[in-house]
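Notes follow the structure.
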Amino acid sequence: MEAALIKAISAIHRSDCLDDFEHAFLQHVPAAIEADAFGLYLLDAQRKAPEKIVANGAPRVFLEEYENYRGLDPIYEFVVRHRGVADGAHLLGSRDWRSHPLRKWMQHWGLGHSLQGAVVVKGEVVGTVNFARGHAGRPFNARSRWMAQVVCEEAGAALERLLQSRETATQLELLSACFDSVPMPLVITDFRGEVRARNRRAQAESSCAPSRQMDPLCRVAHIVSELATSTRQTLEVQTDGGETYLSMRLAGCEGLCL
């Protein structure tokens, strides 16, 4: 199980976008916890309902019916309140869990054991990870809860990075559009000198270059990369061809997939 857990965490952290993140969950996480059904819920701002659901082994009707029980789900309430991990039998005790309406409903779908964990980003619960096993299968135990906690913590870290990247990409698009009225070509780079956005004038200059080697943006990026440890002040960069560019350097967009 440890090998499957490491594989799942590695896949999660290799994700370059939210679609990759969701695919990594579907492909690897259920095997790490040995779950018959699995769901990743990304919640709305009020944490009352899912904004998005990624599921494996659970039919859509099952997921839709669960929303009728969410308000009665003591595991969900505990997980969101305490930002942790819990399973029904451990939280309520085996006897109370066997008689709980949530478990009785799960039995109609051939399930009997439920384990949930919170996905936390910047101190806020943004989602939950839900695992279920058949009622004839072995219950979740302390080891299962520990592994689920590891998955949730790593998911939160990966999701925070991806959400920050998406926010940065949106900001770059807005900056690029705002600077379209600037008469000089302007590029926005990260602190390594890699071009992340450019205004319309810079795009036009680049499209006129007969080859990549003669693209003035390549020269701008080279000069900026040499000044990577400098402050974020706007630079005026003159290329070998005599063009003067404005360059803004922004921290936090290194390695951003655009």
Side-chain angles (χ1 to χ4, degrees), residues 4 8 12 18-121 124-141 144-145 147-156 158-159 163:
I12 290 169
L18 288 175
D19 286 343
D20 289 347
F21 176 80
E22 294 165 6
H23 179 74
F25 256 89
L26 290 177
Q27 196 76 12
H28 300 288
V29 171
I33 310 296
E34 295 183 350
D36 297 315
F38 159 80
L40 167 66
Y41 293 82
L42 298 180
L43 303 172
D44 60 19
Q46 288 74 39
R47 300 197 294 271
K48 299 293 185 182
E51 193 171 82
K52 189 165 188 179
I53 305 172
V54 179
N56 191 345
R60 176 60 57 178
V61 177
F62 170 85
L63 299 172
E64 291 173 352
E65 282 189 9
Y66 170 70
E67 295 309 313
N68 297 325
Y69 288 87
R70 183 183 291 275
L72 304 174
D73 186 349
I75 313 172
Y76 173 78
E77 181 183 355
F78 176 90
V79 161
V80 171
R81 179 180 299 173
H82 297 283
R83 292 163 167 71
V85 167
D87 69 272
H90 182 257
L91 181 65
L92 301 179
S94 298
R95 179 181 299 177
D96 288 346
W97 171 241
R98 282 196 299 269
S99 62
H100 196 277
L102 177 66
R103 185 179 186 277
K104 290 184 176 181
W105 167 73
M106 290 176 62
Q107 284 184 298
H108 290 299
W109 293 91
L111 301 171
H113 308 291
S114 177
L115 171 66
Q116 299 179 37
V119 178
V120 179
V121 173
E124 295 294 330
V125 176
V126 300
T128 63
V129 182
N130 294 32
F131 303 95
R133 288 176 179 167
H135 57 79
R138 58 190 178 86
F140 294 107
N141 56 22
S144 305
R145 292 191 294 274
M147 296 182 77
Q149 183 69 52
V150 172
V151 167
C152 288
E153 290 177 0
E154 298 297 334
L159 191 57
L163 292 175

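In what follows, residues are counted from 1 in the order of the sequence shown. Nothing here was measured: the structure is a model prediction, and the numbers come from that model. Heavy-atom basis, side chains included; hydrogens, waters and symmetry copies ignored.
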Applying side chain to side chain contact (heavy atoms under 4.5 Å, CB included), can you list everything that pairs with Asn141, at least two apart in sequence or on another chain? Arg138, Arg143, Ser144
Of all residues at least two apart in sequence or in a different chain, which pass the ring-ring contact (aromatic ring centres under 6.0 Å, His included) check with His82? Phe78
For Ala32 versus Ala8, what's the shortest heavy-atom pair and its separation? CB-CB, 4.4 Å
Does the side-chain contact (heavy atoms from CB on, under 4.5 Å) test come out yes or no for Trp97 and Leu91, once each step is laid out? CA-CA 8 Å; Trp97 171 241; Leu91 181 65; over 6 Å; no
Those residues at least two apart in sequence (or on a different chain) that pass salt bridge (Lys or Arg N to Asp or Glu O under 4.0 Å) with Arg81 are Glu77
Output a table of donor-acceptor pairs, distance under 3.5 Å, between side-chain atoms of residues 102-114 and any protein atom two or more places apart or on a different chain; print 'none' if there are none.
unit_1: Arg103; atom_1: NE; unit_2: Gly112; atom_2: O; d: 3.2
unit_1: Trp105; atom_1: NE1; unit_2: Glu65; atom_2: OE1; d: 2.8
unit_1: Trp109; atom_1: NE1; unit_2: Glu65; atom_2: OE1; d: 3.4
unit_1: His113; atom_1: NE2; unit_2: Gly137; atom_2: O; d: 3.0

Could you state the interatomic distance from CG (Leu43) to CD (Glu124), rounded to the nearest 0.5 Å? 11.5 Å
For Ala118, give me all partners under side chain to side chain contact (heavy atoms under 4.5 Å, CB included), at least two apart in sequence or on another chain. Val79, Val120, Val125
Just how far is it from atom NE2 of His100 to atom CD1 of Ile75, taken to the nearest 0.5 Å? 8.0 Å
For the atom pair CG (Leu18) and CG (Leu159), what is the distance rounded to the nearest 0.5 Å? 6.5 Å
Check side-chain hydrogen bond (donor to acceptor under 3.5 Å, both in side chains) between Asp73 and all other residues, then give those that pass, not counting sequence neighbours. Tyr66, Gln116
Heavy-atom closest contact (Ile33 atom, Ala148 atom, distance): CD1-N, 3.8 Å
Those residues at least two apart in sequence (or on a different chain) that pass ring-ring contact (aromatic ring centres under 6.0 Å, His included) with Phe140 are none
Expected output: side-chain Arg133 to main-chain Leu115 donor-acceptor under 3.5 Å: no
Atom of Gly57, atom of Pro59 and distance for their closest heavy-atom approach: O-CD, 4.0 Å
Is there a side-chain contact between Leu63 and Tyr41, using heavy atoms and a 4.5 Å cut-off? yes
If we only count heavy atoms from C-beta on, is the Ile12 to Val29 side-chain gap below 4.5 Å? yes
What distance do Phe131 atom CZ and Asp87 atom CG have between them, rounded to the nearest 0.5 Å? 12.0 Å
Just to verify, what does Ser94 make a side chain to side chain contact (heavy atoms under 4.5 Å, CB included) with, not counting sequence neighbours? Ala89, Arg98
Which is it for Arg60 and Ile53 under the side-chain contact (heavy atoms from CB on, under 4.5 Å) test, yes or no, and what are the steps along the way? CA-CA 10 Å; Arg60 176 60 57 178; Ile53 305 172; 4.1 Å; yes
Across all chains, not counting sequence neighbours, the side chain to side chain contact (heavy atoms under 4.5 Å, CB included) partners of Leu26 are Phe38, Val54, Asn56
About how many Å separate OG1 of Thr128 and CG of Leu40, when rounded to the nearest 0.5 Å? 7.5 Å
How long is the span from the CD atom in Glu153 to the CZ atom in Arg83, to the nearest 0.5 Å? 13.5 Å
